[in-house]
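Here's the structure, in structure tokens; my notes come after.
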Amino acid sequence: MTPQVARKLDVKKDLETYRARRGTFRTLEVPSMHFLMIDGQGDPNTSPAYEAALGELYPLAYALKFRSRRTLGRDYVVPPLEGLWWADDMEAFTALRDKSRWHWRLMLMTPPWITAEQVETAGAVRWEQFAEGLCVQTLHVGPYDAEGPVLEQMHHEVIPARDLEMTGRHHEIYLGDPRRTDPERLRTILRQPVRRVLR
């Protein structure tokens, strides 16, 4: 017999870590969570590897969602796409925006009741725990290529002013679908892991 389905989880509405406000840089503690992940390199606008990664991630994410609903009676909205971004020289990311030199890790979060027994990964996708801890985040509204000034402010003004320093990789959470949303209205959470500086 199919279990009775509980209230559907929507992380964009239900989890505090998936909320941010434009112009506000918030310091928060991000708990450890599990994600489907896949790594790659190159310009996300032109790299075949980027499109291929999306083509691997989403079918697995939806298969897991439907399996959870069918076998556990627990449904959820597939969480927004997330990405870790870095370069050997971070100026290539923040100031120069040289996308050919970027590395990326695309991620889709899985709810806390999902276990290894329910996850069936394939290809280059893996399922791993990811812990960021203390972070600073804000909301960027507009095209992805216009993020540079916000990141400069976060990295060089906000974080040092709070006696913090950057520790992990730049993290983006995409609250809108670029295929269906005007670039000027895209909403992206920009997150940077940090640690406190001892004075």
Kindly compute the distance separating [atom1] ([X]) from [atom2] ([Y]), expressed to the nearest 0.5 Å.
| X | Y | atom1 | atom2 | answer |
| --- | --- | --- | --- | --- |
| T110 | L36 | OG1 | CG | 6.0 Å |
| L190 | H171 | CG | NE2 | 10.5 Å |
| D14 | E16 | CG | CD | 11.0 Å |
| W104 | Q41 | CH2 | CD | 9.0 Å |
| I38 | E56 | CD1 | CD | 4.0 Å |
| F35 | L108 | CZ | CG | 9.0 Å |

Contact check, side chains of [X] and [Y], non-hydrogen atoms, under 4.5 Å:
| X | Y | result |
| --- | --- | --- |
| P193 | M166 | no |
| M109 | L15 | yes |
| K12 | I173 | no |
| M37 | F130 | yes |
| L9 | W113 | yes |
| L106 | Y50 | yes |
| I159 | M154 | yes |
| Q118 | W127 | no |

Closest approach of [X] to [Y] (non-hydrogen atoms, all atoms of both residues):
| X | Y | result |
| --- | --- | --- |
| L81 | L57 | CD1-CD1, 4.2 Å |
| E184 | V141 | O-CG1, 3.7 Å |
| P80 | Y174 | CB-O, 3.2 Å |
| Y144 | G176 | OH-O, 4.3 Å |
| L164 | V197 | C-CG2, 3.7 Å |
| T121 | V125 | CB-O, 3.4 Å |

Has [X] got more than 12 heavy atoms of other residues, nucleotides or ligands less than 6.0 Å from its [atom1]?
| X | atom1 | result |
| --- | --- | --- |
| R162 | CZ | yes |
| R67 | CZ | yes |
| R22 | CZ | no |

### Query
Between V158 and T138, does a side chain to side chain contact (heavy atoms under 4.5 Å, CB included) hold up when you go through it step by step?
CA-CA 11 Å; V158 174; T138 190; over 6 Å; no
Donor-acceptor contact below 3.5 Å, side chain [X] vs main chain [Y]:
| X | Y | answer |
| --- | --- | --- |
| Q153 | V150 | no |
| Q137 | A20 | no |
| K65 | Y76 | yes |
| R19 | K13 | yes |
| R191 | T17 | yes |
| S68 | R74 | yes |

### Task
Considering only NZ, NE, NH1 and NH2 on the basic side and carboxylate oxygens on the acidic side, decide whether E128 and R105 come within less than 4.0 Å.
no
### Query
Does a donor on one side chain sit under 3.5 Å from an acceptor on the other, for Q129 and S32?
yes
### Query
Would you say the ring centroid of W85 lies under 6.0 angstrom from that of H170?
no
### Query
Same cluster or not: are Y62 and V77 linked, directly or through other Ile, Leu, Val, Met, Phe, Trp or Tyr residues, by side-chain heavy atoms under 4.5 angstrom apart?
no
## Note on the structure
Paired with K99, the side chain to side chain donor-acceptor pair (under 3.5 Å) test is passed by just one of D145, D43, T46, namely D145
### Task
Starting from the C-alpha separation in whole Å, work towards a yes-or-no answer on side chain to side chain contact (heavy atoms under 4.5 Å, CB included) for R187 and T181.
CA-CA 9 Å; R187 298 165 65 248; T181 307; over 6 Å; no
### Message
Using the rule given for side chain to side chain contact (heavy atoms under 4.5 Å, CB included), can you reason through H103 versus R169, listing the C-alpha separation, both sets of side-chain angles and the distance that settles it, and then say yes or no?
### Response
CA-CA 10 Å; H103 300 266; R169 292 167 176 165; over 6 Å; no
### Query
side chain to side chain contact (heavy atoms under 4.5 Å, CB included) between T188 and E147: does it pass, once the steps are laid out?
CA-CA 9 Å; T188 308; E147 292 174 3; 4.0 Å; yes
